[in-house]
Amino acid sequence: MDRVLIKNLGQFEGQDVIIKGWLYNKRSSGKLHFLQIRDGSAEVQAVVFKGDVSDEMFEAADKITQESSVEILGTVKKHDRSKLGYELSVKEVKVIGESVDYPITPKEHGVDFLMKNRHLWLRSPRQRAIMVIRNRIIKSVRDFFNNKDFMLVDAPIFTPAACEGTTNLFETDYFDQKAYLSQSGQLYMEAAAMAYGNVYCFGPTFRAEKSKTRRHLTEFWMVEPEMAFCNIEQDMDMAEEFVEYIVQQVVDHCKDELETLERDVSKLENVKRPFPRISYDEAIEILHKKGNDTPWGEDFGGDEETLISQEFDRPVMIHRYPMECKAFYMKQDEQNPKVAKCVDMIAPEGYGEIIGGGQREDNLDILLAKIKEHGLPEEAFDWYLDLRKYGSVEHAGFGLGIERTVAWVCGLHHVRETIPFARLMDRIRP
Ligand code: 4AD
Ligand code: MG
């Protein structure tokens, strides 16, 4: 008999099946043992009744320890009170692999302990719910761009130069040269957009973030679309359609998981276009009104983002930041040369920036001047400058951080739980 996945048990009502999984929890009362079994697809209660099995087996069932792996033969019965709607009436239970002194018990544990045991913590129902939602978000990202005929173009991880400033670069030896771990695939996507039109990359990116905040990882996943013949307004249109799509996909497909996480789903249902768009100047006004005195010209941090997001019930796009607080490649606004045609999308409920992007400088001379102004090595960008020499066009794009998006959608306090194995300043194990 082949094993049946627990999530599919309903298709076998009244029949005998074999399941394989791990013992999550156990209770006993007199002639009954209730074994809580999970196999990754779902959880089921397997009921061992003294009258149904041999005395030895009944006794052995009582001794199965938490997280032992088991094989169970049983009959599928309807059980309306459980989440699955079915339970298993056990005929035979066998331990496959014993589990001795499993460290994560159903009692409360501290975060540090759980992070040290991340390889085991992943088995818990809350962590499973987060990973299911992460998986759905990633599927939605790919579906969205596939449906729109964007071409996936993979960006390299080893890079010769910085994209997002030099302060948080990870440097590594590359034979007899220096290389840096990629902070963003954007510059390569600009080359790809000039070759194929609408493109995107999706992969891990690296930043040596020396601040310990709840929004920063040193290794995180970013999806970066880049579009030829696209301006800042069209870029914002794409960003809001994209974010609406992925959030609504989670709402539609991950009801159980959102419930496990006790997420207020009405807040997510509300994430519908159009999203408010405000200029940096308007954002500064909001801040000043609320008693935050960030001077014009400074970038916003987490506190400012939270204050601004409180004014809105869905993500807000802040556009046209001062040139001086943004990266070298940003397109200067012809109407107001002090500001860049860039955009940040700030998630509601204090989750901070989830998207950064904008229109790119497509003029060779201005771009050269910016590279010099930012003190970047011109030689490293020779290939990038070529894109402005050979048929330069208006183009724009953005990057969405997957972990910040997962944190927001799941309603999590810290990004460390949004990725299977978080990399933080003080954590590289397991
Ligand atoms: O705003 P950022 O730095 O933009 C770029 O890298 C552009 N080159 C993207 C582009 O236009 N193609 O980063 C984009 C997003 C942020 O909004 C945030 O969601 C995420 O990446 N992010 C981080 N997530 C987790 N940990 C960190 N240390 C992050 N840094 C950025
Ligand atoms: Mg940013």
Side-chain angles (χ1 to χ4, degrees), residues 134 137 141 145 150 153 155 159 161-170 180-193 198-227 230 232 235-236 238-239 242-243 246 280 299-302 304-305 309 315-319 321-322 325-331 340-347 351-361 384 395-409 412 414-419 422-425 427:
R134 178 186 170 97
I137 287 175
V141 162
F145 289 117
F150 276 58
V153 179
T159 60
C163 175
E164 295 299 324
T166 48
T167 52
N168 61 14
L169 273 178
F170 273 116
Y180 308 97
L181 299 186
S182 178
Q183 298 166 306
S184 159
Q186 179 195 320
L187 306 185
Y188 296 96
M189 289 308 100
E190 290 185 55
N198 287 343
V199 298
Y200 76 106
C201 65
F202 183 32
T205 43
F206 305 86
R207 297 188 191 181
E209 306 284 3
K210 283 168 204 103
S211 55
K212 291 184 193 166
T213 79
R214 60 195 188 91
R215 295 173 184 172
H216 289 89
L217 294 160
T218 56
E219 179 178 317
F220 62 97
W221 285 68
M222 183 154 52
V223 53
E224 298 182 86
E226 191 72 27
M227 297 158 280
C230 179
I232 178 69
D235 196 35
M236 288 196 271
M238 187 61 75
F242 174 57
V243 169
I246 57 182
Y280 174 89
D299 203 355
F300 299 146
E304 288 74 34
E305 288 168 0
S309 75
V316 51
M317 291 190 275
I318 307 176
H319 54 82
Y321 284 68
C325 66
K326 289 290 172 184
F328 74 97
Y329 54 71
M330 300 281 188
K331 174 85 180 161
K341 287 181 158 179
C342 63
V343 60
D344 279 2
M345 188 188 288
I346 314 297
Y351 283 95
E353 179 199 323
I354 49 169
I355 279 183
Q359 202 176 318
R360 323 304 187 185
E361 184 52 71
Y384 184 66
H395 63 290
F398 60 84
L400 170 120
I402 292 295
E403 289 73 19
R404 294 227 191 134
T405 307
V406 174
W408 163 44
V409 170
L412 305 176
H414 197 294
V415 287
R416 66 188 157 219
E417 282 181 59
T418 63
I419 184 164
R423 294 293 171 254
L424 297 156
M425 192 184 164
R427 193 173 303 280

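Atoms within a ligand are numbered from 1 in the order they appear, just like the ligands themselves.
Within the structure, every pair that satisfies the salt bridge (charged side-chain N to carboxylate O under 4.0 Å, His left out) test and touches residues 200-213, not counting sequence neighbours, is listed here: Lys212-Asp426. Screening residues 213-227 for salt bridge (charged side-chain N to carboxylate O under 4.0 Å, His left out) gives Arg215-Glu305, Glu226-Arg360 as the qualifying pairs, with residues at least two apart or on separate chains.
Between Phe220 and Ile402 there is no side-chain heavy-atom pair separated by less than 4.5 Å.
Here the straight-line distance linking atom CE of Met345 with atom OG1 of Thr405 works out to 9.5 Å at 0.5 Å rounding. A distance of 15.0 Å separates CD in Glu403 from CH2 in Trp408, rounded to the nearest 0.5 Å.
A donor and an acceptor atom, one from each side chain of Gln359 and Asp235, are nowhere located under 3.5 Å apart. Using modelled atom types, one finds a donor on one side chain and an acceptor on the other under 3.5 Å when comparing Gln186 with Tyr329.
A distance limit of 4.0 angstrom between heavy atoms and ligand 1 selects the residues Glu164, Ser184, Gln186, Arg207, Glu209, Arg215, His216, Leu217, Phe220, Met222, Glu224, Tyr329, Glu353, Ile354, Ile355, Gly356, Gly357, Arg360, Phe398, Gly399, Gly401, Arg404.
The distance cut-off of 2.8 Å around the Mg ion (ligand 2) captures these protein N, O or S atoms, sorted by chain and number: Glu353 OE2.
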Start with the C-alpha distance between Met189 and Tyr200, add both sets of side-chain angles, then the distance that settles side chain to side chain contact (heavy atoms under 4.5 Å, CB included), and finish with yes or no.
CA-CA 7 Å; Met189 289 308 100; Tyr200 76 106; 5.7 Å; no

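With Thr218 contributing its side chain and Arg423 its backbone, the two residues share a donor-acceptor pair below 3.5 Å.
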